[in-house]
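Presented below is the structure to which this report refers.
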2 protein chains.
Amino acid sequence: MGEIRSGRLAVGERMPGELELVERHGVSRHTVRESLRVLEELGLIDRHQGLGTVVRSRNSSPSYVQVVKSPGELMQYPADSRLSVVETEDIKASRQLARQLQCRSGSLWTRIGAVRKLKDSGLPICWSNIFVLPEYAAVASKIGRSRRPVYEIIERSFDEQISSVEIDIQAGLVSEEVAGILEVEPGSPSLTLIRRYLGKGNRQFEVSLSEHPAERFNYSLKLTRGWQSGGGWSQG
Amino acid sequence: MGEIRSGRLAVGERMPGELELVERHGVSRHTVRESLRVLEELGLIDRHQGLGTVVRSRNSSPSYVQVVKSPGELMQYPADSRLSVVETEDIKASRQLARQLQCRSGSLWTRIGAVRKLKDSGLPICWSNIFVLPEYAAVASKIGRSRRPVYEIIERSFDEQISSVEIDIQAGLVSEEVAGILEVEPGSPSLTLIRRYLGKGNRQFEVSLSEHPAERFNYSLKLTRGWQSGGGWSQG
DNA sequence: TTTTGGGATTTGTCCGTACAAATGCTATCT
DNA sequence: AGATAGCATTTGTACGGACAAATCCCAAAA
């Protein structure tokens with residue numbers, strides 16, 4: 001019933017209108033519309049009132065997805081570890097820092113220097129430079145009071161909601177500055193994570209630069225095979 | 001219009017039938033059915049012909065997803081780089097190696113040692129120990145002949161299909177053994193990726209241990225907010 | 001020449017009808 | 001008591017109709 005095929009049309013081309021498909025296939029408009037709805041949900045077509053239906057893609061594609069319940073899961077720190085603030089300051093991003101933060105040179109941030117330690121042993125597992133928008137500077141006083149990640153404290157304290165997270169992972173050597181805080185030798189290997197949190201309007205509201213002694217932290221991810229169907233996804 | 005709420009019913013309970021909802025809300029059956037279809041696609045209800053509609057869940061949950069078209073995108077190497085085989089051998093996994101490969105101690109693998117270099121300058125960007133099942137050992141002769149990743153060569157050459165990929169990321173220092181091949185000082189920082197590829201029946205068929213000089217490689221990922229809807233996902 | 005308004009076309013929303021398929025319950029038969 | 005058939009209920013599929021909203025094109029007016 002109403003087997004609609006877009007195989008003969010190029011991507012970007014206009015499909016026959018609903019009423020033409022009704023005539024052509026000898027089915028009701030209801031049936032045509034139902035078939036088109038499925039195709040749209042599969043991401044194969046775009047439908048526009050007044051304009052018509054355009055081919056978007058010839059086939060739906062398999063993909064691979066990693067899914068986490070919350071960005072907090074991305075941090076992968078032990079539950080019995082705590083972040084405590086060491087220092088804060090208001091800064092203007094230098095060109096070099098702007099490159100790391102992926103923001104405009106000269107833009108204003110509040111920097112919060114903090115160390116994360118295991119609760120029982122006091123072993124430090126990371127040193128973080130957390131940059132937040134100045135309008136969120138008050139978050140500094142709440143860090144360490146709860147186990148919530150910083151971004152989440154911001155979400156709850158201000159009118160903000162995460163839309164995406166970007167993470168860069170690099171290897172390096174612990175500098176003299178940070179070696180004492182982390183209780184390691186300067187020059188020992190470290191894993192650095194730069195996490196950029198984007199909120200409403202895709203505005204970047206927090207960037208965390210976290211350096212971890214190599215033997216105290218590593219990072220894992222898992223992706224499973226899934227299928228894209230027009231703005232939606234199914235896991236295989 | 002046909003605002004259907006399942007808030008008052010427990011999971012597992014039967015919802016009012018379509019015709020009852022028609023009466024109750026004073027809309028047509030078409031409208032009721034459309035609303036129920038959306039709820040079903042969100043995974044909140046299960047509908048059964050002759051039986052009725054059952055509540056499956058109270059809410060759909062937000063999540064965060066990273067989506068890539070193929071596991072090849074995960075490798076993040078420059079397009080103009082090539083992998084070339086240096087050595088291969090059949091091995092039995094020691095206890096230490098088994099821990100890294102996450103396989104049984106004593107299990108058999110074919111190890112393929114290979115270096116990845118930039119094509120033009122010949123600059124080495126990574127040293128890989130690639131472990132494949134012995135039945136896939138013949139893949140070694142195909143590496144370097146095409147730009148396809150190893151797992152994909154295996155997929156195409158044998159009856160295998162990826163179901164998931166697991167990646168561990170660690171920092172360390174380049175050893176004497178590998179320093180010459182990578183043309184860096186021993187003890188300089190490196191980023192190591194352990195990639196485990198699982199195929200049919202979730203059987204692990206390839207594990208790659210790849211070590212990169214820190215300044216020649218880093219790793220990025222991006223997750224965006226999405227919604228789970230009963231076996232499917234939508235990006236926010 | 002540019003702008004505006006009207007008409008044609010197309011998809012979107014909601015109404016109604018009819019019949020089929022699936023499920024469960026009850027009554028009757030063996 | 002167990003099996004079978006019929007009926008009621010419920011969802012599934014497809015038909016048709018009417019009107020609204022969005023888009024584009026063309027002709028007329030400024």
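Below, chains carry the letters A, B, ... as their sequence lines are ordered, and counting in each starts from 1. In this text, all values refer to a predicted model and were calculated from it rather than measured experimentally.
Separating the CD atom of A:Glu23 from the P atom of D:dG16 is a distance of 12 Å, rounded to the nearest angstrom. The separation between B:Glu40 atom CD and D:dT10 atom P is 17 Å, rounded to whole Å. We find that CZ of B:Arg37 is positioned 15 Å from C1' of D:dT11, with the value rounded to whole Å. Between the C1' atom of D:dC19 and the CG atom of A:Leu19 lies a distance of 14 Å, rounded to the nearest Å. Taking atom CD of A:Glu34 as the reference point, atom P of D:dG16 lies 16 Å away to the nearest angstrom. Atom CG of B:Asp46 and atom P of D:dT10 are 18 Å apart (whole Å). For the pair A:Arg33 CZ and D:dA20 P, the computed distance is 16 Å after rounding to whole Å. Rounded to whole Å, the distance from CD on A:Gln49 to P on D:dA21 is 9 Å.
Looking at A:Thr31, its side chain never comes within 3.5 Å of a backbone N or O of A:Val27 through a donor-acceptor pair. Under a 3.5 Å cut-off, the side chain of B:Gln170 and the backbone N or O of B:Thr192 do not form any donor-acceptor pair. In this structure, the side chain of A:Ser28 engages the main chain of A:His30 through a donor-acceptor pair within 3.5 Å.
Taking B:Glu160 as the reference, B:Arg203 meet the salt bridge (Lys or Arg N to Asp or Glu O under 4.0 Å) condition, with sequence neighbours excluded. In this view, A:Arg116 satisfies the salt bridge (Lys or Arg N to Asp or Glu O under 4.0 Å) rule with no residue, not counting sequence neighbours.
The side chain of B:Leu51 lies closest to C:dG24, out of C:dG12, C:dG24, D:dA14.
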Extract from the structure each pairing of a protein N or O with an N or O of nucleotides 16-19 of chain C at less than 3.5 Å, listing the distance.
| from | atom 1 | to | atom 2 | distance (Å) |
| --- | --- | --- | --- | --- |
| C:dA18 | N6 | B:Arg29 | NH1 | 3.4 |

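Contact check, A:Thr53 against C:dT11: a side-chain N or O comes under 4.0 Å of OP1 or OP2.
In this pair, A:Phe217 and A:Tyr77 present their aromatic rings tilted. The plane angle is within the 30 to 60° band.
A donor and an acceptor atom, one from each side chain of A:Ser164 and A:Glu166, are nowhere located under 3.5 Å apart.
Ranked by how close their nearest DNA chain D nucleotide is to the 5' end, A:Gly26 and A:Arg14 are led by A:Gly26.
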